[in-house]
Colleague: 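Here you go, one structure.
Not measured: the values here are computed from a predicted model. All chains are named by letter (A, B, ...) in the order of the sequence lines, taking the proteins before the strands, and each is independently numbered beginning at 1.
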Amino acid sequence: MSEFIDVVFNINNVTATIRMAVPIALAAMGGAFSERSGVVNIGLEGMMLTGAFCGVFGCQITGNPWLGVLFAIIGGGLVGAIHAVLTVGLKADHVVTGVGINILSSGTTTWLMQVIWKRKGTSDLVRGLGTWSVPGLRDVPILGTILGTHSPLVYICFLLIILGWVLMFKTPLGLRIRMTGEHPEAADTVGINVNAIRYFCVILSGSLAGLGGAYLSLAQLNWFSKDMSAGRGYMALAACIFGGWNPLKGLGASFLFSFTDAIQMRMQTSKMRIATELVQMIPYVLTILILAGAVVRSRPPQALGEHYESGHVSK
Amino acid sequence: MDLERGVSKFAYSVVAVVLALLVGAVLIWASGYDVKEAYSNLFTGAFGGVYSLATTIVMSTPLLFTGLSVAFAFQCGLFNVGAEGQLYVGALTSAVVALALGWLPPVLRVGIALLAGAGAGALLGFVPGYLKAKLGAHEVITTIMLNYVATFLTTFLVKTYFKDPGPVDQTVLLPMGSRLPELIRGTRVSLGIVLGIVAVALLNHVMRRSVLGYEIQVVGQNPHAAEYGGVNVSARTVQAMMISGAVAGLAGSVEVMGTLYRFIPYFSPGYGFTGIAVAVIAGQNLWAVIPAAILFGALQSGGQTMQLFAGIPMELMTMVQGLVILFVAAPTLGRLLFGLKMRVREGGGRK
Amino acid sequence: MYAIRMENITKRFGNVVANDNVSFAAAPGEIHCLLGENGAGKSTLMRILFGLYRQDSGSIYINDNPVTISGPRDAISLGIGMVHQHFMLAEQLTVTENIVAGCEPRKNGLLDYEKARQDILEVSERYGLRVDPDAKVEDISVGQQQRVEIIKALMRGAEVLILDEPTAVLTPPEVSELFTVMRALSESGTTIIFITHKLKETMEISHSVTVLRDGKKVGTVSTEDATPESLVEMMVGRSLPVHDDCRMPPREAIALELKDISVSGRKGSRARLDNVNLDVRFGEILGIAGVDGNGQLELEEVVCGLRRPSKGRIIMSGQDLTGLDTRRIRDKGVAYIPSDRLRRGMVGSLSLSRNSVLGMHHHSYFSQRGVLLEDIIEKHAEEIIKKYDVRAESVHQPMGSLSGGNQQKMVVGRELTRPHSVVIACQPTRGLDVGAAYYIREQILDSRNKGKAVLLISAELDEILELSDRIAIIYEGQVVDVRPTGQFTERELGLLMTGERNGV
Amino acid sequence: MTRIRKPLALLSVALVAVIVMGVASLGVAAAKPRIAIVFATGGLGDKSFNDSAYEGMKRAEKELGIEFDKVEPQAVAEYENLLMRFAQTRKYDLIISIGFDQADALQVVSERFPDQKFAIVDTAVDAPNVASYVYKEAERGFVVGAIAGLMTTRTGDPRIVSDKQIVGVIGGMDIPLIRANVAGYIAGAKYVNPNVEVKYAYVGHWADPAKCKEMANAMLDEGVDVLWLAAGRSGLGGIKAAEERNRYAIGADSDQGYLAPNNILTNGMKLVDNTVYMAVEAVLKDEFKPGINMLGINEGALGYSKNLVPDDISAEVDKLAAKVASGELKVPEDIDQVEPWLKAQGK
């Protein structure tokens, strides 16, 4: 038992949790924007993967990791745009399209790796983003360990999530987004351009997921690896739902998922020898349990997954 | 009636595949490969000769089951992304049962092992079905998570309880009497493909003719009306998910008993996910699952040859599959591109 | 000068001509009624004006200037506001959020919620439109929601306000409150276009009336020159026979009895049904009168087993049915015409024949050993189509492709052909044109005359008065009074429906 | 049922067209010796196992003048079919299977094509036309473990941060082959340094470097000085963690020193390239020998690279390696056997 306590209450778990939560939280915020506007986005996984790829590619050709990040945001956004064109413009089923996007992204990134780097698996190494140490903060005991030194994207992620929260709940645009997802006809009749809002949100969600991907490939690592998103996009969607379609709560949910993952890892290295697979299952089982509990309480945007066409107001 | 619609939808699916292959050709060309060499390999690999055809059938067999599983769930308004996990539990259960029942006559042994695999898949399908029916948890997320759980769990069970004493984590080989009979000697074409077609026929019959199928359809199309009509919505949701899970479980059983002859962790190259593509192409018509599965089996077997002899990476086929799904998902795209007249199913989002 | 002028507007939906060369004009400050039956093309015309549809031909003038309106945004900027029949409000958002969305006051780029609140309170003060700006829309009454809609239009500077059937969901006092507001607006120069099919209201509030019928304009008259009779003739173009009144005295035996039925609301809120006691005899129609949202839906669902009462008993022909599920209750002989046809009563994507057995597909007549008897089901559907005058091409046609009236006939036909002794008819004629409504009322009377017990729940007071033998009035989940129809005056009913018990 | 005839007809027309097209455009003979290789499911780009085999093929191409075709399967289910496809052409002098999980498939295919020569790396297939090359995995674990165990006492080195003497190993997946490596590693570390503590864990994924990096971080947090990454593509993440925190990492399979020149202490070498080259050479020289070839330190197939290993440690480990090579030391292959083995060695 004491070993279990050692495993769980270890300050390094918290630091690791922050590092692992960032890509999930960013994509979860993307999911929140997309779904608040009424578009289901199961394609976050593919958008994240594409972002990770574009980040490394951009960094390779420009030599500047920050330009790589820009590439990732654009790349993820482009995949988001595909999702938007299909679901909003062409009224394709949201979930089916998302699945297609994920398969397509996996194939495309690996294909392009072979075209660009002549091999699949791992790309060339590029310049990573490195880490920042916040002067002052890093010397504070405990807090310094937890927050003092991280990749710059960690701090940017926190900032973005606060900004995202402000955008969603405190600005006119945010109100329009929420209105669109709740009641597109109502939005339409007060002159809000439903399609424009949805395009914006879905593309934004792609960019955010892409940024999450860049965190994987340029902050945590400095290369692209085949299928490196490894299911984080799906976890992000779960975090988005568990977080009640709210970026801040989504961050909290991402923390929870990552924390279980951190514990899972530390459990393995501890002296407790539980079968590896059983330990590795923990985060997923926990997600199922949480979803089962959380969905009852949170209500999705009312028009989520529905198509809307101006001028076809229901009679 | 809707069958007609199903046909026009399927015809459009064929167009979508052609379109995806065209995009693929552009990609092959742009990457500096020889398009003609690539595609001639793709096609001979899929249909050129007995062995190629047999390979296509072998590769289609699990897809027939997973595709049917997902397509069936679609009819109940459910999106089963968990076929992959259900396939793993079905596969392991069948392997274990087939090994344990060595004393039974082969026919019984195989029959029971298949049923056990289906049962295990159904059990795994029960979880998301129940969570959806009783708690409203979206089945897409829960089934994705259960895929991880199922792969980890089966791996754990194999290692801990059913391991072949050799250097690899896997079960021992099934004895001859525990295997599905081979239909074409020298290939792995087994009774599985026949079972798959029977399963399609059976489920199609259930959907079109039975009270259960009718109720499942009503629940899928309009749960409020189902409630009004005295249909137990929760029970039908759970049952539909269990049937879907059972069929996906059979995909694993058939693969283990007809092709691999043992359970190996991580053996599936994503049959469950490709099954989604198969189901999307098949649309509302369960019969269409058969040609759709064969189509994807052909893409796989032809894709291998393309990789073997033309050096084109397999990812091309992954991309083509993704494109097919996207093209099929957006029928209006076809209208834009070809002026194809077809009725679009109203209301996309399933909740 | 006209505030608004629409000339020669034509609009087609497929083969249906919704507006056929319609012209229409309203002067500034005028309250102009747009009168016609359901399906006459009133809403279509106004949706064109508001930019939700584009006319196929014809032109629109605002203050005599030709304009092109290609979306609500254009309409709003031209000073046109519309309050839709189905409110365009997001239930999860607050009143303020709903009102300001699309024209938000800003401060430093952020939404200035405080200013928004103040603006709303100001408008609400000026016109007497009381609302709570911080309440969530799902928590306020229908009447309040309508005020929110009106404020929404006014805050956008509407000089022309379109009200689409605004009184359908209001209580009589709420209606007169609305009329007060409308007069105030009219005096301050706002043009109001009032869509309705109710003559009484037209006579009471409007300055002039334009009548539409079958998508065509019948004429425009000044209200002063019109009489209800002249308007009816313009509206209907024919007169409907009065239902044969061959009322037979109801039998003594009680068919359906509710004892102390309660349904609790969501946590913390008041009960949806509170100790309801009702009984319906064979050969009798008991009408439930009340303003929408006072527990009618709960009542319907409880009786039919779609919802469990938190307390009380349901007894049918002496049998206690409390707690049974829908299938069991309906198999005891309940024909159920649900209030929400599209949501409850049918599956639009399935064929007519499949829909014709919904809820009785498990009867041994239609299925055996789990297999549907296709031929018998098809024959059954054909019989309903023939007997109930459903206009359909074939039994294989998806039910969603029928018009609303035909769908309802199909539902009514299905329910009345099943073996039953009790009919639960909920809003049976909602949204139907006069002809279809007449036909369905006939069927309900016919059932009663055959000795069935009918529980009729309707928000249309006229319908209740026309059909019921006795009337029970429901208000906030309680039955406030039950009497034979003749013993109520319309005024009494109106007051009771709004909870004014003491006024009687 | 008549309703589905149309698409079926469409499909069959397509089929016929396709077959005709395909048959017309196949078949060119090659003059050079031709080899086929089926990689393990991890695929190329793992910078270790598959890549190493690929290097061997490229060397053979250059030095022995062969041509080769390669294929990267995505799952176990594909192996048999791919081998069959290669074998059917009857134009390959040798078909090489890389990876332990190809055994079943190769068993079947080799029986069906008795005249075709096959080779399999990493496991044994008992057939008259298959040459099997199997590694004594624990041996390399043992040498790098010994290096780690000795290195952890060098507290003067800035990369040795704790005096707790902890070393670690992260495996890709919890499978027998990796477990043998881990067992050897523990045995090696404790053999040279009884005070050492060995931590081990598995990523559960061959291709999630980000996750492996976090696992490595978790280990480094606990004071691990030297960390071996036997985790395929995932392992690269672990090496990065060690580099960022300036600790020692040990690479796997091939020399990964270039990835982190200041931090890759050594590599647990598995010279798959040599093995593949050897197999090809044997066929060309007509010396193809079916049966099992056990490869270990003695055969030069396993070993370690010098990289940053101090000379004195290197000398000591060389002596140990010689003992292993000569068979004097038999390294345990199972984690549970390590403790009894150590006791038996008097440690």
Side-chain angles (χ1 to χ4, degrees), chain A residues 38-40 42 46 82-83 85-87 89-115 120 226 231 234-235 237-238 241 275-281 283-288 291-296 300 303-307, chain B residues 27 30-32 79 81 127-128 131 134-138 140-142 144-149 151-157 159-160 265 270 273-274 276-277 280 313-333 335-336 344-351:
Chain A
V39 179
V40 181
I42 200 170
I82 296 175
H83 191 59
V85 168
L86 288 169
T87 55
L90 299 173
K91 317 244 174 291
D93 185 288
H94 298 182
V95 181
V96 172
T97 305
V99 169
I101 289 230
N102 291 340
I103 295 176
L104 183 65
S105 301
S106 164
T108 310
T109 50
T110 317
W111 171 273
L112 286 175
M113 278 180 83
Q114 288 165 94
V115 172
K120 71 179 186 189
K226 184 189 177 208
Y234 297 121
M235 295 304 277
L237 196 58
I241 294 171
T276 320
E277 282 79 16
L278 295 186
V279 176
Q280 285 163 339
M281 247 160 64
Y284 304 105
V285 172
L286 186 80
T287 307
I288 294 172
L291 278 176
V295 176
V296 189
L304 184 60
E306 284 167 20
H307 296 131
Chain B
L27 290 169
S31 316
F79 196 179
V81 193
V127 179
L131 291 177
K134 296 290 175 192
L135 302 169
H138 199 301
V140 168
I141 310 268
T142 50
I144 287 173
M145 296 301 143
L146 279 172
N147 283 340
Y148 292 103
V149 174
T151 35
F152 283 132
L153 190 67
T154 49
T155 307
F156 164 75
L157 291 174
K159 275 160 64 169
T160 322
F273 299 109
T274 312
I276 296 171
V280 166
M314 216 31 211
E315 280 67 35
L316 183 77
M317 286 298 110
T318 315
M319 291 166 76
V320 167
Q321 282 174 14
L323 287 169
V324 168
I325 295 179
L326 293 185
F327 289 145
V328 174
T332 34
L333 190 67
R335 249 190 315 202
L336 287 181
V344 185
R345 189 161 52 94
E346 283 304 322
R350 272 173 280 268
K351 278 195 286 186

Colleague: Show the nearest heavy-atom pair for residues Thr108(A) and Met319(B), with the distance to one decimal.
Modeller: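 Thr108(A) and Met319(B) have their closest heavy atoms at N-CG, 3.4 Å.
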
Colleague: Which pair of heavy atoms, one from Ala329(B) and one from Ala92(A), lies closest together, and at what distance?
Modeller: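 Reported closest heavy-atom pair: O-CB, 3.1 Å.
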
Colleague: Check Ile42(A), Thr287(A), Leu237(A) against Ile144(B) for a side-chain contact (heavy atoms from CB on, under 4.5 Å) and give me the one that passes.
Modeller: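 Testing each of Ile42(A), Thr287(A), Leu237(A) against Ile144(B), the sole residue satisfying side-chain contact (heavy atoms from CB on, under 4.5 Å) is Ile42(A).
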
Colleague: Taking all non-hydrogen atoms of both residues into account, name the closest pair between Ile325(B) and Val96(A) and its distance.
Modeller: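 Heavy atoms of Ile325(B) and Val96(A) come nearest at CG2-O, 3.6 Å.
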
Colleague: What are the two closest non-hydrogen atoms of Tyr284(A) and Val149(B), and how far apart are they?
Modeller: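 That closest heavy-atom pairing would be CB-CG2, 3.9 Å.
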
Colleague: To check you understand the geometry: which heavy-atom pair defines the closest contact between Ile141(B) and Ala238(A), and what is its length?
Modeller: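 Closest heavy-atom pair between Ile141(B) and Ala238(A): CG2-CB, 3.8 Å.
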
Colleague: Contact part of Val115(A) toward chain B, heavy-atom cut-off under 4.5 Å: side chain, backbone, both or neither?
Modeller: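 Just the side chain, heavy atoms under 4.5 Å.
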
Colleague: If you count heavy-atom pairs under 4.5 Å with chain A, which of Thr318(B), Asn147(B), Thr160(B) comes out on top?
Modeller: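 Winner by heavy-atom pair count: Thr318(B).
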
Colleague: Between atom CZ of Phe152(B) and atom CE of Met281(A), what is the distance when rounded to the nearest 0.5 Å?
Modeller: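 Phe152(B) atom CZ to Met281(A) atom CE measures 9.0 Å (nearest 0.5 Å).
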
Colleague: Rounded to the nearest 0.5 Å, how far apart are CG of Leu104(A) and CG of Leu323(B)?
Modeller: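 With rounding to 0.5 Å, CG (Leu104(A)) is 5.0 Å from CG (Leu323(B)).
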
Colleague: Starting at CG of Leu153(B), measure out to CG of Leu278(A) and round the result to the nearest 0.5 Å.
Modeller: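 The CG atom of Leu278(A) is 7.0 Å from CG of Leu153(B), to the nearest 0.5 Å.
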
Colleague: Among Thr274(B), Leu316(B), Thr151(B), Thr155(B), which residue has the highest count of heavy-atom pairs closer than 4.5 Å to chain A?
Modeller: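 Most heavy-atom pairs within the cutoff with chain A belong to Leu316(B).
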
Colleague: Answer with side chain, backbone, both or neither: which region of Leu131(B) has an atom nearer than 4.5 Å to a non-hydrogen atom of chain A?
Modeller: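 Contact with chain A involves the side chain of Leu131(B) alone.
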
Colleague: Do Met113(A) and Glu315(B) touch side chain to side chain, with heavy atoms closer than 4.5 Å?
Modeller: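 With C-beta onward as the side chain, the pair stays apart.
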
Colleague: At a 4.5 Å cut-off on heavy atoms, which part of Gln114(A) comes close to chain B: side chain, backbone, both, or neither?
Modeller: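 Looking at Gln114(A), just its side chain touches chain B.
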
Colleague: Just so I understand: if I count every heavy-atom pair under 4.5 Å between each of Asn102(A), Ile82(A), Leu86(A), Ile103(A) and chain B, which residue has the most?
Modeller: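 Most heavy-atom pairs under 4.5 Å with chain B: Ile103(A).
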
Colleague: Locate the shortest heavy-atom distance separating Ile276(B) from Val99(A); write the atom from each residue and the value.
Modeller: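 The pair with the smallest heavy-atom distance is CG2-CG1, 3.9 Å.
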
